[in-house]
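The model shown is predicted, which means the values in this text are computed figures rather than measured ones. Proteins come first, then strands; the chains are lettered A, B, ... in the order of their sequence lines, and each starts at number 1.
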2 protein chains.
Amino acid sequence: MSRPRIRDYFQQDLDQNQNITPKQRAILQASLDLFAEKGFDQTSTSDIAQRAGVAEGTVYRRYKTKAALRDAVLAPIAAKIVPILASDFSEDELHRRYPSLQAFLTAVVNDRMQFVQNNLKELKVIFEMAAFDATRRERILSQIAPQMVQQVGSVLDQLKADQLMVDWPNDLIIQTLLSQVFGYIARLMMELPGTSFDREQTYLIAVLTKVLTPGENDQLEID
Amino acid sequence: MSRPRIRDYFQQDLDQNQNITPKQRAILQASLDLFAEKGFDQTSTSDIAQRAGVAEGTVYRRYKTKAALRDAVLAPIAAKIVPILASDFSEDELHRRYPSLQAFLTAVVNDRMQFVQNNLKELKVIFEMAAFDATRRERILSQIAPQMVQQVGSVLDQLKADQLMVDWPNDLIIQTLLSQVFGYIARLMMELPGTSFDREQTYLIAVLTKVLTPGENDQLEID
DNA sequence: CGAAAGTGAGTGTTCACTCACTCATTTATT
DNA sequence: AATAAATGAGTGAGTGAACACTCACTTTCG
């Protein structure tokens, strides 16, 4: 593929961020690692300090609370999630670059898989947080969902009009895409055996292409 | 559908269990509710006692530790998961009852969705535990995966031989099934808006039927 | 020297867990 | 049948440890 890959935004942001001392960066890194390894509640601030090679007071120099530290760890990726989800989904991109649905899906899947792999720890922390914090979850969803529907919707409509994609409601198609993405993330997070990037990629593209290609018996008997 | 539905095994087991006082049952119920609402670590034993209308000492009368209490809450469902996953997957059932792949998937999906709905809280607690406890996770997977492959495998081979199912490796097919199940569970757990049982069911069956029906371009270029 | 970064002993609170005790019911003794 | 003894579920104040967070002080660096 000739397209540029989505890079590891988190690392990038950490590096770009100026006013940050090596110790503060070590604290962020140790927090991320430990939160992903053991979970937020099971990680003590003294764990973090120890892993980062720093006194506990140093952690609280910049971050007022442990929760604020988690927010600081997640801030860079949180800002990138919506653009990642929606990028490539423009009619322009679509018509200029991709000759077929499969080619389109290949490009989309490839980038997203890279992003997930590069930010797996952050995603794990986000999922843990979202699992039991309904308020935060709703805030996130209420920001992401409409943008997805809006940015992706017109392209889906175009694909459907061109008979390139199954004629389902857009929210069902988006749900299909996201289900596969969640499944992929879950498989990575759970460290299931026998998974490899190439195999996952081939599989994801095959499933999505098959589901989203229009067929003969596609009527969904939904109101 | 004329088939019997899978019932709410957890409630059933709680009732069947003899030597259990009302207070002890209240403790189990309160634990399950609170673990699912707030998460295990965020639930204190005094929370549980209060919700159950019981003194904190009563909790420790039967359960040595808080973790043992969680295990007791999950024990009934844990014993049922493998049978649920594998039931219906016998060649006998398949040929006697189901005229088509779609009819087969409809029956399978229906029962599993009932089970998930009836045991959603328990599943949430299990997922939280599995997320950060690699040892437990591997123990669970090492028990479930081989049984799934064994019990489901021969039927999949039959379906493939009869040209009723796409000729993919069995583990990929199982992965497809489980991905959809996980996606469904995730959607329920996250309480996404706009979901209903009927809609989910129609959707799941449609997606699975489409993916698993043999087609023209099904070659997966995998070693 | 001044300012910012870093330190680690200290603090108040929360929490999992304990234990001496109560009380209602069952079993044994007269 | 009446009374005593034994049993075990239930209680809640108490305990020690862990934890998030603070602050008076030290070190680093421009």
A/Val207 side chain near B/Trp168 side chain, heavy-atom distance below 4.5 Å: yes
Length of the line joining B/Lys23:NZ and D/dG8:C1', which is rounded to integer Å: 14 Å
Gap between atoms CG and P, on B/Asp47 and C/dT14 respectively (whole Å): 12 Å
Nearest-0.5 Å distance that lies between atom CZ in B/Phe35 and atom CG in B/Leu74: 8.5 Å
Separation of C/dC15 P from B/Leu69 CG (nearest whole Å): 16 Å
A/Arg199/B/Asp171 ion pair, N-O < 4.0 Å: yes
Check against side chain to side chain contact (heavy atoms under 4.5 Å, CB included), A/Ile77 and A/Ile126: CA-CA 10 Å; A/Ile77 193 185; A/Ile126 288 175; 3.9 Å; yes
Lys/Arg-Asp/Glu bridge criterion (N-O < 4.0 Å) met for A/Glu37, A/Lys121: no
Heteroatom pairs (N/O) under 3.5 angstrom, protein to nucleotides 21-26 of chain D:
{"from": "D/dC21", "atom 1": "OP2", "to": "A/Tyr60", "atom 2": "OH", "distance (Å)": "3.2"}
{"from": "D/dC21", "atom 1": "OP2", "to": "A/Lys66", "atom 2": "N", "distance (Å)": "2.8"}
{"from": "D/dC21", "atom 1": "N4", "to": "A/Glu56", "atom 2": "OE2", "distance (Å)": "3.2"}

Phosphate OP1/OP2 of D/dA9: any B/Thr21 side-chain N/O under 4.0 Å: no
Interatomic distance, B/Tyr63 OH vs D/dA9 P [rounded to whole Å]: 12 Å
Within the 6.0 Å centroid threshold, strictly below: B/Phe127 and A/Phe127: no
Derivation of the side-chain hydrogen bond (donor to acceptor under 3.5 Å, both in side chains) call for A/Glu56 and A/Thr45: CA-CA 7 Å; A/Glu56 209 172 335; A/Thr45 48; 2.8 Å; yes
B/Gln50 CD to D/dG12 C1', straight-line distance once rounded to whole Å: 13 Å
B/Arg136 and B/Asp71: CA distance, side-chain angles, deciding distance, salt bridge (Lys or Arg N to Asp or Glu O under 4.0 Å) verdict: CA-CA 12 Å; B/Arg136 258 204 168 75; B/Asp71 291 345; 2.8 Å; yes
Aromatic B/Phe40 / basic B/Arg70 pairing, under 6.0 angstrom, 45° off normal: yes
Sugar-phosphate, base or nothing in reach of B/Val54, heavy atoms under 4.0 Å: sugar-phosphate
Protein-nucleotide distance (A/Arg62, atom CZ; C/dA5, atom P), rounded to Å: 7 Å
Of residues 35-44 of chain B, the positions that come close to DNA chain C - non-hydrogen atoms, cut-off under 4.0 Å: B/Thr43, B/Ser44
